[in-house]
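Just so we're clear, the structure is a prediction, and the values are computed from it rather than from any experiment. Order of the sequence lines fixes the chain letters, A, B, ..., with proteins taken first and strands second; residue numbering starts at 1 for each chain.
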Amino acid sequence: MLQWGKVYIPRRELCLANVLQAGQAFRWILNEKTEEYSTTMKIANSPDYSIVMLRQHDDSFIEILGQEPWETLVSFICSTNNNISRITKMCHALCTNYGKMIGNLGSTEYYSFPSSEDLVENATEHELRELGFGYRAKYIIDTASKMVEDKKHYDNCSDTEFLTKLAKSNDYDGLREQLMSYSGIGPKVADCICLMGMKKDEVVPVDVHVARIAERDYKIRATNTDLLKLKELYKEQPITRKKVNLQLDFIRRKLHTQWGSYAGWAQGILFFREVGGTSGANTTGKIKKRKNEEESVKVEVNEQEHNDIIHKTKRSRVKSEQTN
DNA sequence: GAGATACCTGACCT
DNA sequence: AAGGTCAGGTATC
């Protein structure tokens, strides 16, 4: 069954290319002729995958992304020390090799994102390396295996259901501790999963770029006393204690305090401005580089501007929740 | 226990 | 044309 719906949002408030090809998501395919984006995903509470297409008219618009926890988790394991076009390629490789065929539209075949069971049953580290995953191959196999094990305590639930339960039964610190128990998930990846896969809008994933912005534009820098306090805070969390970088963690906390409950999305916008260009998949199967649709200009950001960004982000987020 | 170092790959640059 | 650098980090020593 093919259905189109309309959601109106001005392009200046949300540009599909800037959301779907900017390093949040890696599995949207752009048909350059029709300018439609497509992917497979679970809709609402359905356990099955559907093909989803999005088209942006000059005056139209969609919502900010809230992705599947499991797919987000695996995608961001792939993201470490890597570039967007290769991450995109890897995510598609996972689907076409280990996912299930959902159907095809035109000449494009659509696959589901593989579950942890799919990966444990069919994938090996060696094979993933041959597919170009590099050292992340081991992380993915180890993580999928542990996920299958962990889920045995929760009868027959999906990866996403399991992760959603984790999110519900833990506070942020506890959830992060759980996420970082998997191979290949450190503080940055865990925070990306929280923000983009678990709707924790306040979480700011701190990477080299965000750290630079924070230090350069906000003069945020932890003192020794600050670091000692944080260390004390994590003494009951062995994994966090081991994996976290206290200096970056201080920045994360400070940005949350300063930017409030939608800090993560404000960060996304600032990151986009800082780094600019990106890439994505299209129906030819080629992964292309693309440029930021706006001018990629480095600017001195001031407080008023940041407030505007956060306000705008929050408004979009609230609107998207109303349409759900 | 903080801090340096290795790690796959491929696009881009010199 | 071969060689270096970089990409939204993590694991390991």
What interatomic distance, in whole Å, is found between [atom1] of [M] and the corresponding atom of [N]?
{"N": "B:dA11", "M": "C:dT10", "atom1": "P", "value": "24 Å"}
{"N": "B:dC8", "M": "C:dT5", "atom1": "C1'", "value": "15 Å"}
{"N": "B:dG3", "M": "C:dG8", "atom1": "P", "value": "25 Å"}

Interatomic distance where [atom1] belongs to [X] and [atom2] belongs to [N] [whole Å]:
{"X": "A:R136", "N": "B:dA6", "atom1": "CZ", "atom2": "C1'", "answer": "13 Å"}
{"X": "A:I77", "N": "C:dA11", "atom1": "CD1", "atom2": "C1'", "answer": "13 Å"}
{"X": "A:N81", "N": "B:dC8", "atom1": "CG", "atom2": "P", "answer": "11 Å"}
{"X": "A:F250", "N": "B:dA2", "atom1": "CZ", "atom2": "P", "answer": "17 Å"}
{"X": "A:Q247", "N": "C:dG9", "atom1": "CD", "atom2": "P", "answer": "17 Å"}
{"X": "A:L230", "N": "B:dA2", "atom1": "CG", "atom2": "C1'", "answer": "15 Å"}
{"X": "A:L255", "N": "C:dG8", "atom1": "CG", "atom2": "C1'", "answer": "15 Å"}
{"X": "A:I140", "N": "B:dC7", "atom1": "CD1", "atom2": "C1'", "answer": "15 Å"}

(request) Please determine, for B:dT9, whether a Watson-Crick or G-U wobble partner exists with both distances under 3.5 Å, and give it or none. (result) C:dA7
(request) Both distances under 3.5 Å, Watson-Crick or G-U wobble: report the partner of C:dA2, or none. (result)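 The base-pairing partner of C:dA2, which may sit in any strand shown, is B:dT14.
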(message) In the structure I gave you, are the side-chain heavy atoms of A:L233 and A:L230 within less than 4.5 Å of one another anywhere?
(response) yes
(message) What's the closest nucleotide to the side chain of A:K231 if the choices are C:dA7, C:dT10, B:dG1?
(response) B:dG1
Do [X] and [Y] have side-chain atoms, one donor and one acceptor, less than 3.5 Å apart?
{"X": "A:Y98", "Y": "A:E127", "result": "yes"}
{"X": "A:T160", "Y": "A:E68", "result": "yes"}
{"X": "A:H256", "Y": "A:R253", "result": "no"}

(request) Measure distances between side-chain N and O atoms of A:Y139 and base N and O atoms of C:dG9, and say whether any donor-acceptor pair falls under 3.5 Å. (result) no
(request) Select from A:I185 and A:V210 the residue whose nearest nucleotide in DNA chain C is closer to the 5' end of that strand. (result) A:V210
(message) Quick check: on DNA chain C, is the nucleotide nearest A:K138 upstream (toward 5') of the one nearest A:Y135, or the reverse? Name the residue that is more 5'.
(response)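 Counting from the 5' end, the first nearest nucleotide belongs to A:Y135.
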For [X], report the nucleic acid contact type (base, sugar-phosphate, nothing); a contact means any heavy atom under 4.0 Å.
{"X": "A:L246", "result": "nothing"}
{"X": "A:P205", "result": "base"}
{"X": "A:V206", "result": "nothing"}

(message) Between A:F26 and A:F76, is the ring centroid distance below 6.0 Å?
(response)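 Yes.
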(request) Ignoring backbone atoms, test whether A:R129 places a side-chain nitrogen or oxygen under 4.0 Å from the OP1 or OP2 oxygen of B:dC8. (result) yes
(message) Strictly below 4.0 Å: does A:K243 bring a side-chain N or O up to OP1 or OP2 of C:dT10?
(response) no
(request) Provide the full list of ring-ring contact (aromatic ring centres under 6.0 Å, His included) pairs with a residue in residues 161-192 of chain A, sequence neighbours left out, each pair given once. (result) A:Y154-A:F162
